Amino acid sequence: MTTSRPTSSPPSAPPRGPRSRERVLDATLALLGEAGYARLTVEGVASTSGVHKSTLYRWWPDKAALVADALASRMDTGPVPDTGNTRDDLTTWLRGTIANYTATPAGATMPALIADLSGRPGALEAFRSAFLTERRANCAAVIRRGVDRGDLPADTDVELFMDALAGAVFYRRLVTGLPIDDGLPERLVRILGLS
């Protein structure tokens with residue numbers, strides 16, 4: 001699956017040199033993969049990227065903001081498949097979501113990042129805006145199309161349906177440790193009423 005990369009910084013991010021920004025984001029994800037979120041430092045990113053630490057702090061106020069931007073910029077936004085079948089569309093979307101959070105080093109950092117962001121006013125909301133908005137919009141488009149096709153009930157709660165799809169993946173990853181196997185997308189979609 002290809003990774004979507006925006007052509008500009010997330011909203012409210014300060015302007016920055018494109019090549020330097022790319023080096024910093026690449027270095028951030030590389031170090032996340034090597035050391036994990038807890039051991040990643042802005043100093044390490046500066047050293048690896050060749051961009052001065054003071055410049056990084058001008059662009060991102062702290063490590064959490066830097067990691068959030070790196071994740072939002074590099075992780076796949078999720079497909080908006082249209083196979084002609086809502087079950088297959090949702091299964092395809094869910095496979096992309098699972099790949100983001102299980103097949104990439106960056107996905108493994110999500111729990112620590114969310115915990116870090118949650119204690120700071122506005123930080124978690126900024127991350128949601130940069131990271132989740134497009135991903136949820138893509139999933140919502142698939143669900144609404146399913147409603148229009150008559151595959152899902154007209155009164156389907158789109159937000160709750162999305163939470164049920166992605167929530168099962170996060171719960172297995174973060175709480176139970178149960179396997180996230182190849183058949184999980186089909187089983188989830190079937191449990192949600194699409195056979």
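What's counted below: heavy atoms across the whole structure, side chains too, no hydrogens, waters or symmetry copies. These figures come from a predicted structure and were not determined experimentally.
Residues Arg187 and Asp181 are in side-chain contact: their nearest non-hydrogen atoms beyond the backbone lie under 4.5 Å apart. The side-chain heavy atoms of Asp26 and Ser49, taken from C-beta on, include no pair separated by under 4.5 Å. Taking the side chain as every heavy atom from C-beta outward, Leu165 and Thr97 never approach each other to under 4.5 Å. No side-chain heavy atom of Asp69 sits less than 4.5 Å from a side-chain heavy atom of Leu66. When side chains are defined from C-beta on, Val80 counts as touching Arg145, because their heavy atoms get closer than 4.5 Å.
Among residues two or more places apart in sequence or in another chain, the side chain to side chain donor-acceptor pair (under 3.5 Å) test is passed with Thr91 by none. For Asp148, there are no salt bridge (charged side-chain N to carboxylate O under 4.0 Å, His left out) partners, not counting sequence neighbours.
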request  = Just do the side-chain contact (heavy atoms from CB on, under 4.5 Å) check on Leu71 and Leu29 with the steps written out, would you?
outcome  = CA-CA 8 Å; Leu71 291 174; Leu29 291 180; 4.1 Å; yes
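Annotation for Arg149: atom CZ counts as buried by contact number, over 12 foreign heavy atoms lying within 6.0 Å.
A salt bridge does not link Glu22 to Arg19: none of the charged nitrogens lies less than 4.0 Å from a carboxylate oxygen. Note on Glu159 versus Arg136: salt bridge recorded, some NZ/NE/NH1/NH2 to OD/OE distance being below 4.0 Å. Glu186 has a carboxylate O that lies under 4.0 Å from a charged side-chain N of Arg95, or vice versa, which qualifies the two as a salt bridge.
The line from OG1 of Thr28 to CZ of Arg23 is 12.0 Å long, rounded to the nearest 0.5 Å. The CD atom of Glu43 lies 11.5 Å from the OG1 atom of Thr48; values are rounded to the nearest 0.5 Å.
Of all heavy-atom pairs between Ile143 and Met162, the closest is CD1-CG, 3.5 Å. Between Tyr57 and Asp62, the shortest heavy-atom distance links the atoms CE2-CA, 4.3 Å. Contact between Leu194 and Leu90 at its shortest, heavy atoms only, is CD1-CD1, 3.3 Å.
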